Amino acid sequence: MPTMLTDVFRGHPIHLPHSHQPDFTSLRELPDSYTWTPKDDLLFAAAPSPRATGENIPLIDLNNPDAASQIGHACRTWGAFQIANHGVPLELLEGIEFLTGSLFRLPVQRKLKAARSETGVSGYGVARIASFFNKQMWSEGFTISGSPLNDFRKLWPKLHLNYCDIVEEYEEHMQKLASKLMWLALNSLGVSEEDIKWARLNSDYNWAQAALQLNHYPVCPQPDRAMGLAAHTDSSLLTILYQNNTAGLQLFRDDIGWVTVPPVPGSLVVNVGDLFHILSNGLFKSVLHRARVNQTRSRLSVAFLWGPQSDTKISPVPKLVSPFESPLYRSVTWTEYLRTKATHFNKALSMIRNHREE
Ligand SMILES: C=C1C[C@]23C[C@@]1(O)CC[C@H]2[C@@]12CCC[C@@](C)(C(=O)O1)[C@H]2[C@@H]3C(=O)O
Ligand SMILES: O=C(O)CCC(=O)C(=O)O
Ligand SMILES: [Fe+2]
């Protein structure tokens, strides 16, 4: 029986150094445990000004007939892009932002009633990657995988059903959009459903699973020395991210450094995840990204991490592998990959790389 996403860390407990946050609002100065230096994250300050190069993440209009090739180009160069005219109703984006804000405004004791367990995926807590860093991140998160009903009942004893409806509708739209984006990107490489066995075998969205990550970055007294969410790549095929109207998301490009993704009202950010990197045999780059914080405005984001069903093995599409070379990566399920990442974090992708004979 394949492991569902909700059970992926069963038997793989995560011992987070700090189980819950301080009262962010009462702090005038950054405690030492929240003060980051380049020692805590090698790329902390690696940032020649993006203005120096004028480079910006592409904003792609999905109604543009050229969208597929623009998406393909963005996946190869940035590993990310923003989209407009994506078909997700504005009211739904406002609804998920409202839900996220309401959740994090709850008293901490209430939020902790729905705390994520050491072996669980869903619930309230710090990001799983926190265990890899000596310093704490200036954020709180809530992960939803499977039905949020039990957790939401603890958070909102009266209103939980309304909030569950919003999540369900949001996830439905995201599923469809993620699948559409994946095929547009693959089509740009000449790959169709015929070329991928698991896509051929499973109709529609039967082959997909997802996690919804709600993030809150409170106002911070010393943002230059704090870190909202440390640099990471997502394990997904694709991640679709909604951010409120406060900047903070940054992408890393080897040739430029950190580039801030400006919030564009109504648009969504799309990140290439590690599994898409593998599927495309490294042609699409999973993007290293992080979230910085702000002295005057709190920030919210909602990441929809989308991947294949548990028993689906992801491997490079044969069409994208030269007949004279072996595939760059071994095949892996999402579960196997998440467990590798839980132990090896940002080295996970290189751990499943095939090493070519020189
Ligand atoms: C399916 C998953 C991907 C994720 C780990 C998780 O089990 C649920 C949360 C996801 C998230 C969101 C914030 C960043 C991230 C690295 C993390 O710590 O939790 C991702 C994980 C991932 O993509 O590996
Ligand atoms: O808050 C953001 O902009 C980034 C969030 C993120 O990277 C994640 O949830 O995986
Ligand atoms: Fe992420």
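Computed from a prediction, not measured in an experiment: that's the story for all the values here. All ligand and atom numbering here is 1-based and tracks the order in the structure.
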A.B. asks: Using the rule that two of Ile, Leu, Val, Met, Phe, Trp, Tyr join whenever any of their side-chain heavy atoms come within less than 4.5 Å, decide whether Leu106 and Leu159 are in one cluster.
C.D. replies: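 Yes, it is one cluster - the side chains of Leu106 and Leu159 are joined through contacts under 4.5 Å.
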A.B. asks: Which residue supplies the protein heavy atom nearest to atom 24 (O) of ligand 1, what is that atom called, and how far is it?
C.D. replies: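 For this ligand atom, the closest protein heavy atom is Ser235 OG, 2.4 Å.
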A.B. asks: Closest N/O/S atom of Asp234 to the Fe ion (ligand 3), by atom name?
C.D. replies: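 Of all N, O or S atoms in Asp234, the Fe ion (ligand 3) lies closest to OD1.
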A.B. asks: By number and element, which atoms of ligand 2 are closer than 4.0 Å to a non-hydrogen atom of Arg299?
C.D. replies: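 Close to Arg299: 1 (O), 2 (C), 3 (O).
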A.B. asks: Please report whether ligand 1 has a polar contact with Leu229, defined as an N or O pair separated by less than 3.5 Å (distance criterion only).
C.D. replies: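 Leu229 vs ligand 1: no N/O contact under 3.5 Å.
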A.B. asks: Give the atom numbers and elements of ligand 2 that come within less than 4.0 Å of a heavy atom of Leu229.
C.D. replies: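 With Leu229 as reference, the close atoms of ligand 2 come out as 5 (C), 6 (C), 7 (O), 8 (C).
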A.B. asks: Quick one: does Gln213 get an N or O within less than 3.5 Å of an N or O on ligand 1?
C.D. replies: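 Between Gln213 and ligand 1, no N or O pair is found under 3.5 Å apart.
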A.B. asks: Could you tell me which N, O or S atom of His232 is nearest to the Fe ion (ligand 3)?
C.D. replies: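 The Fe ion (ligand 3) is closest to the His232 atom NE2, counting only N, O or S.
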A.B. asks: Of all the non-hydrogen atoms in the protein, which one sits nearest to atom 8 (C) of ligand 1, and at what distance?
C.D. replies: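 For atom 8 (C) of ligand 1, the nearest protein heavy atom is Thr143 CG2, 3.7 Å.
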A.B. asks: Where do Phe152 and His160 land on the ring pair (Phe, Tyr, Trp, His ring centres under 6.0 Å) test, with the steps shown first?
C.D. replies: CA-CA 5 Å; Phe152 278 14; His160 58 278; 8.7 Å; no
A.B. asks: Tell me if the centroids of the rings in Trp156 and Tyr163 come within less than 6.0 Å of each other.
C.D. replies: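 Distance test on ring centres: under 6.0 Å, yes.
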A.B. asks: Only heavy atoms of Gln213, strictly under 4.0 Å: list the atoms of ligand 2 that pass.
C.D. replies: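 What qualifies from ligand 2 is 9 (O).
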A.B. asks: Report the nearest protein non-hydrogen atom to atom 5 (C) of ligand 1: residue, atom name, distance rounded to 0.1 Å.
C.D. replies: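 Here the closest protein heavy atom is Leu338 CD2, 4.1 Å.
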A.B. asks: Flag atom 21 (C) of ligand 1 as yes if some protein heavy-atom distance to it falls below 4.0 Å, otherwise no.
C.D. replies: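 Answer no: nothing from the protein, no heavy atom, is under 4.0 Å.
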A.B. asks: Got an N/O contact under 3.5 Å between Tyr217 and ligand 2?
C.D. replies: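 Yes: some nitrogen or oxygen of Tyr217 is under 3.5 Å from one in ligand 2.
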A.B. asks: Closer than 4.0 angstrom: is that true for some heavy atom of Gln243 and an atom of ligand 2?
C.D. replies: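 No.
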A.B. asks: Examine Phe276 and Ile60 and state if one hydrophobic cluster contains both, with Ile, Leu, Val, Met, Phe, Trp and Tyr joined whenever side-chain heavy atoms are less than 4.5 Å apart.
C.D. replies: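 Phe276 and Ile60: one cluster.
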A.B. asks: Give me the nearest non-hydrogen protein atom to atom 5 (C) of ligand 2 as residue plus atom name, then the distance to 0.1 Å.
C.D. replies: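 Of the protein heavy atoms, Asn215 ND2, 3.4 Å lies nearest.
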A.B. asks: Could you identify the single nearest non-hydrogen protein atom to atom 10 (C) of ligand 1 and state the distance to 0.1 Å?
C.D. replies: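 The closest one turns out to be Leu305 CD1, 3.9 Å.
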A.B. asks: Are Arg225 and Trp36 in a cation-pi setup, meaning NZ or CZ lies under 6.0 angstrom from the ring centre and within 45 degrees of the ring axis?
C.D. replies: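 Ring-cation test returns no.
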A.B. asks: Is Arg290 in contact with ligand 2, taking contact as a heavy-atom separation below 4.0 Å?
C.D. replies: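 No, that is not the case, since the closest heavy atom of the residue is not under 4.0 Å from the ligand.
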